Protein chains: 2
Amino acid sequence: MNPKPTRRDALDNRERILATAREAIAASSGASNGVSSGVSLTAIAKQAGVGIGTLYRHFPTREALILELYRHDIQHLIDRAPVLLADHPPLVALRRWFDEVAHYGRLKYGVAEVIHAATDGGADDEYFAPFVAAIDVLLKAGAADGSLKSGIDPEDVLLQLSVLWRLDPARGGEARAGRILDLIVDGLRATP
Amino acid sequence: MNPKPTRRDALDNRERILATAREAIAASSGASNGVSSGVSLTAIAKQAGVGIGTLYRHFPTREALILELYRHDIQHLIDRAPVLLADHPPLVALRRWFDEVAHYGRLKYGVAEVIHAATDGGADDEYFAPFVAAIDVLLKAGAADGSLKSGIDPEDVLLQLSVLWRLDPARGGEARAGRILDLIVDGLRATP
DNA sequence: CAACGTACCGGAGGGCCCTCCGCTTAGCAA
DNA sequence: TTGCTAAGCGGAGGGCCCTCCGGTACGTTG
């Protein structure tokens, strides 16, 4: 899909675009609700000293770019799932993980953007499959010890989580996120 | 907010825009996932024989236009809540209502669009407050007979519902919607 | 080192969104 | 009927998105 360009100039450009995008987003992220719309790809291209066509060749969609920026952070979140599971019972681990994802997503809004893109259905599975897998691990653990329903589709849960990114942190979003996560977890609980 | 224009020409234009928009959306709604993006406001204005400025004066955002188109249908949904409550126990009424909203929303995608806009936070409360009120009635009834938790914020629930509009009906969306609604309802249930 | 093919560049172009402001005209008042 | 005035009109303009394709230069091969 994105088999890393082989030519030097191409690679340079790619890196330059990523660096510029990182700056631009960091600069603009102080304001507003954190939805991606704020940054102009045109501006990034110009600032990076490449043509707009070049930017689009490297990153065919805005999401592809954001996604690449936050690949690291996303991986971190994914890796947290088994760690939490090792330290806590499944139900607690699940809830903690949700909290981390929600919190992280609102902080570094890029992660939210990625998940948003992923849940839009059009995104490359390659990227968000690990995310789904992380959820699945948590769900399976909960099912195994009887605290969660069994047979839940992890993608359904990811979709439910995607609501979080639409909260406005400025106005009660923090508290609302907590309440909604509670509701979601309750929905996943095994019914005795 | 939108105190209906008093001049004849203004009113005519308004109606013409609405009629044209209705056609345009009907014509394009056959395809794709049903997200609003498909229709160009520029095209609607041209087709309606008004300047783009006129369209924007009457309907400051795309959502405002869509919302006006489906005001009727939305009202219908809202009215269904008490009817269902009269005929069924609260839990059943709630679930039925969810089903109707979900189904309707995916059929006439405008409703989805409106709710989507409403949950975006920026929307005029005036419009979606009745929706929230309808949910609240259902929740209160369930709380009263002990089948649902008490003290749930209806806006939280609306937000959870908003996930439904992002499902792709073409690929498993129908079934997925059902599963997710089950999860949501379970989350709202009173914990014994 | 020269020459070449192709991977990559860049920006013009078409389309949409939304704003802003000078002009038009409907409806009222005399 | 004839002004008059503000409510309403409309489109030019600036910005962004994304595509497409003629040109450039990288790296390889002889």
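For clarity, every value in this text was computed on a predicted model and none was experimentally measured. Note on naming: letters A, B, ... go to the chains in the order of the sequence lines (proteins, then strands), and numbering restarts at 1 for each one.
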Check your understanding: Could you state the CD1-P distance from A:Ile44 to C:dG11, rounded to the nearest angstrom?
Key -> 17 Å
Study note, to complete from the structure: Separation of D:dC16 atom P from A:Leu65 atom CG, nearest Å, is 16 Å
Review point. Rounded to the Å, how far apart are A:Lys46 NZ and D:dG15 C1'?
Key: 10 Å
Kindly list each side-chain donor-acceptor pair under 3.5 angstrom involving residues 135-148 of chain B, sequence neighbours excluded, with atom names and distances?
unit_1: B:Asp136; atom_1: OD2; unit_2: B:Lys140; atom_2: NZ; d: 2.8
unit_1: B:Asp145; atom_1: OD1; unit_2: B:Ser147; atom_2: N; d: 3.0
unit_1: B:Asp145; atom_1: OD1; unit_2: B:Ser147; atom_2: OG; d: 2.7
unit_1: B:Ser147; atom_1: OG; unit_2: B:Gly142; atom_2: O; d: 3.4

**Study point:** Nearest to side-chain heavy atoms of A:Thr54, which nucleotide of C:dC17, D:dG10, C:dG10
**Key:** C:dG10
Revision key, fill the gap. With sequence neighbours left out, the residues meeting salt bridge (Lys or Arg N to Asp or Glu O under 4.0 Å) with B:Arg80 are B:Glu100
Exercise for review: Grab the CD-P distance between B:Glu15 and D:dC9 for me, whole Å please.
Suggested key: 13 Å
Review point. Would one find a side-chain N or O of B:Asn13 under 4.0 angstrom from OP1 or OP2 of D:dG8?
Key: no
Review point. Between the main-chain N or O of B:Val50 and the side-chain N or O of B:Thr54, is there a donor-acceptor pair closer than 3.5 Å?
Key: no
Check your understanding: Okay, side chain of A:Trp97, backbone of A:Ala134: is any donor-acceptor separation there less than 3.5 Å?
Key -> no
Check your understanding: Given that B:Val50 and A:Thr61 both sit by DNA chain D, which one's nearest nucleotide is further toward the 5' end?
Key -> B:Val50
Point to revise | Length of the line joining B:Phe59:CZ and C:dC17:C1', which is rounded to integer Å | key: 17 Å
Exercise for review: Would you kindly give the CG-to-C1' distance between A:Leu55 and D:dC16, to the nearest whole Å?
Suggested key: 13 Å
Check your understanding: Quick one: is C:dC17 close enough that its OP1 or OP2 comes under 4.0 Å of any side-chain N or O from B:Ser40?
Key -> yes
Give me, pair by pair, the N or O atoms of the protein and of nucleotides 19-28 of chain D that are less than 3.5 Å apart, along with how far apart they are.
unit_1: D:dG27; atom_1: OP1; unit_2: A:Arg8; atom_2: N; d: 3.0

Name each donor-acceptor pair under 3.5 Å that joins a side chain in residues 184-192 of chain B to protein atoms two or more places apart or in another chain, with its distance.
unit_1: B:Asp186; atom_1: OD1; unit_2: B:Arg189; atom_2: NH1; d: 2.2
unit_1: B:Asp186; atom_1: OD2; unit_2: A:Lys149; atom_2: NZ; d: 2.4

Practice item. Just jot down the side chain to side chain contact (heavy atoms under 4.5 Å, CB included) partners of B:Glu23, sequence neighbours excluded, or say none. Key: none
Point to revise | Qualifying residues under side-chain hydrogen bond (donor to acceptor under 3.5 Å, both in side chains), relative to A:His76, sequence neighbours excluded | key: none
Review point. Given atom CZ of B:Arg14 and atom C1' of D:dC9, what is their separation to the nearest angstrom?
Key: 16 Å
Exercise for review: Please report, rounded to the nearest Å, how far the P atom of C:dC18 is from the CG atom of B:Leu41.
Suggested key: 7 Å
Check your understanding: Would you say D:dC9 has OP1 or OP2 under 4.0 Å from some side-chain N or O of B:His58?
Key -> yes
